[in-house]
Amino acid sequence: ISICRDLPNIEVITFSVNGISDLEPLHQCQNLSELYLRKNNITSLDELFYLKTLPRLRVLWLAENPCCGPDPHRYRMTVLRNLPSLQKLDNQAVTEEELSQALVDGVEITAPPARRSVENGWSESTASSAAGSTAEPDSELLTCSLEETNKTQEEFDMKPVPRDKYSSFSPQETDCSCKKRNNVLNAILLLMKELDAEGLEIIQQTVARRLQAFQKRELQEE
């Protein structure tokens, strides 16, 4: 996710199910308001240190990471103590009572996480990611991918992607082709927020030409 260092104005990031373990590249995204990191490989809540500098962060989804640990209350209190400006954590609204309780039950994070050596860190995180992808059913991968894509499209008042659109894919195609397609779609939709009217008109014209080309090709094949 090092590309985020070059995207200081990005407002919404969806990185769920990506084997991410290091949040340091996000600390320069000063306009970030929504961050989705569900089902990654974030092992320590110390990674929150890099999010404490983001003044506009209001929505965070961190569930199903190793850092959540066996105690859901302690995890939630620690996140809210360090990110008191959150309005929603793990798809659940944050209350004033929780913010007050977090000052008592949460742990203050004052330093970045200690990093392993590059070689060991890479090999360990790669092994964990590989193990996770092996253990996770193809149907669950499809569900996650569809959930994230549909949420992004809802932000643009677009219709959600119907599941039967993917019914013809084999498990391997579901894992590769569909996931790649949804990741590209998410990236395009998120980057569209950075465009002005002139930029959106260019996109509209390009899309129209592409659609015409696809329709022409379909007619030729028939």
Side-chain angles (χ1 to χ4, degrees), residues 1 4 12-27 29 32-54 56-116 120-152 179 182-183 186:
I1 63 172
C4 291
V12 179
I13 295 178
T14 299
F15 278 152
S16 297
V17 199
N18 271 288
I20 294 167
S21 59
D22 176 11
L23 301 185
E24 185 274 333
L26 300 177
H27 83 282
C29 301
L32 188 63
S33 62
E34 298 184 26
L35 178 59
Y36 300 91
L37 294 167
R38 185 173 55 88
K39 281 194 175 182
N40 277 287
N41 193 37
I42 302 168
T43 59
S44 172
L45 286 176
D46 288 344
E47 296 290 339
L48 294 175
F49 178 83
Y50 300 115
L51 305 184
K52 295 176 69 171
T53 59
L54 307 181
R56 300 185 180 181
L57 187 62
R58 297 293 180 267
V59 177
L60 175 64
W61 199 329
L62 195 59
E64 299 174 86
N65 275 277
C67 65
C68 297
D71 188 344
H73 176 75
R74 183 177 177 83
Y75 150 71
R76 189 172 176 86
M77 292 296 99
T78 296
V79 174
L80 294 182
R81 175 162 184 174
N82 291 277
L83 302 174
S85 295
L86 287 182
Q87 297 175 355
K88 186 179 286 188
L89 173 60
D90 297 338
N91 207 32
Q92 182 178 341
V94 175
T95 65
E96 291 294 333
E97 292 77 9
E98 283 184 310
L99 291 175
S100 298
Q101 192 64 36
L103 296 174
V104 178
D105 297 344
V107 177
E108 180 74 19
I109 296 171
T110 59
R115 295 294 179 205
R116 298 164 294 187
N120 290 340
W122 183 87
S123 61
E124 288 179 28
S125 62
T126 302
S128 299
S129 177
S133 61
T134 302
E136 192 169 58
D138 291 317
S139 60
E140 189 171 353
L141 283 169
L142 173 58
T143 301
C144 296
S145 187
L146 281 176
E147 284 176 358
E148 301 301 339
T149 300
N150 286 341
K151 186 183 186 311
T152 304
K179 192 172 181 182
N182 286 340
N183 286 340
N186 280 338

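Computed over heavy atoms, backbone and side chain alike; hydrogens, waters and symmetry mates excluded.
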**Q** Output the distance between atom CG (L80) and atom OG (S100), rounded to the nearest 0.5 Å.
**A**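 Answer rounded to 0.5 Å: 11.0 Å.
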**Q** For the residue pair L23 and L37, what are the closest heavy atoms and their distance?
**A**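 Result for this residue pair: CD2-CD1, 3.8 Å.
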**Q** List the atom of C29, the atom of C4, and the distance in Å for their closest heavy-atom pair.
**A** SG-O, 3.5 Å
**Q** For a 4.5 angstrom cut-off between non-hydrogen side-chain atoms, does T14 reach E34?
**A**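 Counting from C-beta outward, T14 and E34 never come under 4.5 Å.
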**Q** What heavy-atom pair brings P70 and P72 nearest, and what distance separates the two atoms?
**A** O-CD, 3.3 Å
**Q** Within the structure provided, determine whether N41 and P66 are in side-chain contact (heavy-atom separation under 4.5 Å).
**A** yes
**Q** Please give me the minimum heavy-atom distance between L45 and I109, naming the atom from each residue.
**A** O-CD1, 2.8 Å
**Q** Where do T53 and H27 come nearest, in terms of heavy atoms and distance?
**A**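 Heavy-atom minimum between the residues: OG1-O, 3.4 Å.
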**Q** Looking at side-chain heavy atoms only, is the closest gap between Y36 and V12 below 4.5 Å?
**A**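 They are in side-chain contact.
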**Q** Taking the side chain as C-beta and beyond, is there a heavy-atom pair between V79 and D90 under 4.5 Å?
**A**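 No - every pair of side-chain heavy atoms lies 4.5 Å or more apart.
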**Q** Nearest 0.5 angstrom please: I42 CD1 to E64 CD, how far?
**A**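 Interatomic distance, I42 CD1 to E64 CD, rounded to 0.5 Å: 12.0 Å.
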**Q** Side-chain contact, heavy-atom cut-off 4.5 Å: Q87 with V59?
**A**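 A side-chain contact under 4.5 Å is absent here.
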**Q** Can you check whether E24 reaches E47 side chain to side chain, under 4.5 Å on heavy atoms?
**A** no
**Q** To the nearest 0.5 Å, what is the distance between CG on L51 and OG on S85?
**A**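 Those atoms lie 12.0 Å apart.
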**Q** Residues in side-chain hydrogen bond (donor to acceptor under 3.5 Å, both in side chains) with R58, at least two apart?
**A**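 If we apply the side-chain hydrogen bond (donor to acceptor under 3.5 Å, both in side chains) test to R58, skipping adjacent residues, there are no hits.
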**Q** Taking the side chain as every heavy atom from C-beta outward, state whether Y50 and P113 have any atom pair closer than 4.5 Å.
**A** yes
**Q** Which residues satisfy the side-chain hydrogen bond (donor to acceptor under 3.5 Å, both in side chains) test with K88, sequence neighbours excluded?
**A**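 For K88, no residue satisfies side-chain hydrogen bond (donor to acceptor under 3.5 Å, both in side chains) once neighbours in sequence are set aside.
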**Q** Could you state the interatomic distance from CD1 (I1) to CD1 (I13), rounded to the nearest 0.5 Å?
**A**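 Here the rounded value is 7.5 Å.
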**Q** CG/L35 to CG/L62 distance, rounded to the nearest 0.5 angstrom?
**A**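 Here the rounded value is 8.0 Å.
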**Q** Could you tell me the separation between the CG atom of D46 and the OG1 atom of T110, rounded to the nearest 0.5 Å?
**A**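 Going from CG on D46 over to OG1 on T110, the span is 8.5 Å.
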**Q** Do the side chains of L89 and L83 get nearer than 4.5 Å, heavy atoms only?
**A**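 No, their side chains stay 4.5 Å or more apart.
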**Q** Does E108 have any side-chain hydrogen bond (donor to acceptor under 3.5 Å, both in side chains) partners at least two apart in sequence or in another chain, and if so, which?
**A** K52, R81
**Q** Indicate the atoms forming the closest heavy-atom contact of Q101 with H73, along with that distance.
**A** CG-CE1, 4.5 Å
